[in-house]
Amino acid sequence: MGTQMLYEPAQSAYREHHGTETVLTRITDDIHCALDDGKGAYLVLLDLSAAFDTIIHHGMLLHRLEENLGLRYGTSVVTDVFRFENPTPNMSNFVRLRMESCSKNLRSWMKTSYLKLNDEKTELIVITSPYYRNMVQNAAIQVGSHVSEANTSVRNLGIIFDSSLNMEKHVSAVCKSSYHHLHNIKSIRKSLDNKTAETLIHAFVTSRLDCVNALLVGLPKRLLSKLQIVQNCAARVVMKVSRSEHITTTLHHLHWLPIQQRVTYKILLLTWGILHGQAPGYLTDIITPYIPARPLGSKYANRLVGPRFHTSRYGGRAFSRMGPRICNSMPEDQRGYNSLPVLKPKLKSYLFNNAFEV
């Protein structure tokens, strides 16, 4: 299907180098760029959880398979509809009408395709800077017969978005879940050897800290420190270290990257994929490789164009802004690897040595 270009450009499911993290990175980048330009973001989440339980018209399914030479019809389902406009009362009404028209067309397509949209589970969130918050109060959208009012926070593919996209609620939820699992693992720690304990920690805690952590780039230190405390507690559980002992030695012994370096590591892997054709098109579109007007030497190879931004609060957290900055700040030898299996251990060792000043 990839060779025949049958995939929809925005499809992330069932495709190599695509996934939840890549699509959320693009969505948050669009929102951050809009906020950085003094605009607002209207995000509508459509629930299609019961869609594939209703595919019973086999004749239509076979016809579309024959017509499109693949499951192209299935990729046309839109799960996230978002528009960015100036957050004024008149513009809010204009955006609402456009979104309702879009949802109406989607419902019509799904009806003819024998699919079902769960109108009652539709969620709306208006993301703006605090300055424009009063201009978009009481926002709502009608999907079918159901009217969805704007929420202060929504869960989008497992990540909590709030009306300022400051990630505070998401970080709090990750910490709460991690502490719950740490408590359970600690209660049976005496019965586990170090290797088994570390395996459980990675399965139930580290996996949550690393989940879509590319969205944490540019966050204030006070939020990242909350996640770092969780990692510190996890290291103490693995090594049976008391609170009075310094945690740096323990993290170094376990060879664990601190939270800040883990975020940098993920951003660098995404930018490497873009440079080497192993990233979704919707991420490649927002990153521009640096091409000098004349040959300037190998130190300018694998560099990216770093767009300017107005505010560090929003523009400083956009992947299209911070990705190039982080990539360009790396030494030349760390940007020259053409193999991902070779890059990963080299990059991790470099970040580890910088974090612990080895």
Side-chain angles (χ1 to χ4, degrees), residues 9-10 12 15-37 210 212-221 224 257-358:
S12 291
R15 298 184 66 180
E16 189 179 13
H17 310 308
H18 292 64
T20 300
E21 186 156 35
T22 58
V23 68
L24 286 175
T25 298
R26 176 56 196 264
I27 291 175
T28 54
D29 180 82
D30 287 339
I31 296 175
H32 282 135
C33 290
L35 296 177
D36 189 52
D37 292 336
D210 289 342
V212 198
N213 60 347
L215 306 188
L216 305 180
V217 64
L219 280 185
K221 290 184 179 180
L224 293 179
L257 283 177
I259 296 299
Q260 180 63 66
Q261 282 68 31
R262 300 178 90 89
V263 174
T264 301
Y265 177 77
K266 185 64 69 64
I267 294 296
L268 290 172
L269 289 183
L270 289 175
T271 55
W272 183 92
I274 292 173
L275 285 169
H276 294 81
Q278 298 184 24
Y282 51 76
L283 286 186
T284 305
D285 292 342
I286 61 177
I287 297 292
T288 304
Y290 175 69
I291 303 176
R294 55 187 177 84
L296 298 175
S298 60
K299 70 176 183 178
Y300 291 96
N302 296 321
R303 294 176 67 90
L304 303 172
V305 176
R308 296 179 180 273
F309 52 86
H310 301 99
T311 63
S312 59
R313 181 176 183 180
Y314 300 119
R317 290 178 52 202
F319 173 74
S320 58
R321 269 71 164 179
M322 292 303 296
R325 290 199 170 199
I326 294 175
C327 179
N328 295 342
S329 67
M330 298 294 292
E332 177 188 347
D333 60 336
Q334 295 296 324
R335 291 184 276 110
Y337 298 107
N338 294 320
S339 172
L340 189 59
V342 175
L343 171 71
K344 285 184 174 181
K346 296 289 186 181
L347 184 57
K348 182 179 179 181
S349 296
Y350 172 80
L351 295 174
F352 181 84
N353 292 338
N354 278 2
F356 296 99
E357 298 181 353
V358 177

May I ask you to decide if Ser349's main-chain N or O and Asn353's side chain share a donor-acceptor pair within less than 3.5 Å?
yes
Look up atom CG in Leu275 and atom OG1 in Thr284, then write down how far apart they are to the nearest 0.5 Å.
9.0 Å
Residues Tyr350, Met330; criterion side chain to side chain contact (heavy atoms under 4.5 Å, CB included); working and verdict:
CA-CA 10 Å; Tyr350 172 80; Met330 298 294 292; 3.3 Å; yes
First locate atom OG of Ser339, then atom NZ of Lys346, and finally report the distance between them rounded to the nearest 0.5 Å.
11.5 Å
Are any side-chain N or O atoms of Trp272 and backbone N or O atoms of Leu343, one a donor and one an acceptor, separated by less than 3.5 Å?
no
Derivation of the salt bridge (charged side-chain N to carboxylate O under 4.0 Å, His left out) call for Lys266 and Asp210
CA-CA 9 Å; Lys266 185 64 69 64; Asp210 289 342; over 6 Å; no
To the nearest 0.5 Å, how far apart are NE2 in His18 and OG1 in Thr22?
6.5 Å
Keeping Asn328 on the side-chain end and Arg303 on the backbone end, is there a donor-acceptor pair under 3.5 Å?
no
Is there a donor-acceptor pair closer than 3.5 Å between any side-chain N or O of Asp36 and the backbone N or O of His310?
yes
If I compare all heavy atoms of Ser320 with all of Ile287, which pair ends up nearest, and what's the gap?
CA-CD1, 3.8 Å
Closest non-hydrogen atom pair between Val305 and Pro307, with its separation:
O-CD, 3.1 Å
Test item: His32 side-chain N/O and Gly315 main-chain N/O as donor-acceptor pair under 3.5 Å:
no
Ignoring hydrogens and geometry, is there a side-chain-to-backbone donor-acceptor pair from Asp29 to Phe319 under 3.5 Å?
yes
Residue pair Lys344 / Leu269: nearest heavy atoms and the distance that separates them
CG-CD2, 4.1 Å
Ignoring hydrogens, what is the shortest heavy-atom contact between Pro289 and Leu304? Give both atom names and the distance.
CA-CD2, 3.9 Å
Run the numbers on Thr264 and Val217 for side chain to side chain contact (heavy atoms under 4.5 Å, CB included), then give the verdict.
CA-CA 7 Å; Thr264 301; Val217 64; over 6 Å; no
Do the side chains of Phe356 and Pro258 get nearer than 4.5 Å, heavy atoms only?
yes
Starting at OG1 of Thr28, measure out to CG of Leu216 and round the result to the nearest 0.5 Å.
10.0 Å
To check you understand the geometry: which heavy-atom pair defines the closest contact between Thr271 and Cys327, and what is its length?
OG1-CB, 4.1 Å
Expected output: side-chain Arg26 to main-chain Leu283 donor-acceptor under 3.5 Å
no
Short side-chain to backbone donor-acceptor contact, Arg321 and Gly316, under 3.5 Å
no
Rounded distance (nearest 0.5 Å) linking atom OG1 of Thr288 with atom CD1 of Ile274
10.0 Å
To the nearest 0.5 Å, what is the distance between CG on Leu268 and CD on Gln261?
11.0 Å
Can you tell me if NE2 on His276 sees more than 12 non-hydrogen neighbours from other groups inside 6.0 Å?
yes
Could you give me the CA-CA distance, side-chain angles and deciding distance for Gln260 and Tyr265, then say whether side chain to side chain contact (heavy atoms under 4.5 Å, CB included) is met?
CA-CA 9 Å; Gln260 180 63 66; Tyr265 177 77; over 6 Å; no
Leu219 and its side-chain contact (heavy atoms from CB on, under 4.5 Å) partner, picked from Val263, Leu224, Asn213:
Leu224
Assess whether side chain to side chain contact (heavy atoms under 4.5 Å, CB included) is satisfied between Val23 and Tyr282, documenting all intermediate values.
CA-CA 8 Å; Val23 68; Tyr282 51 76; 3.8 Å; yes
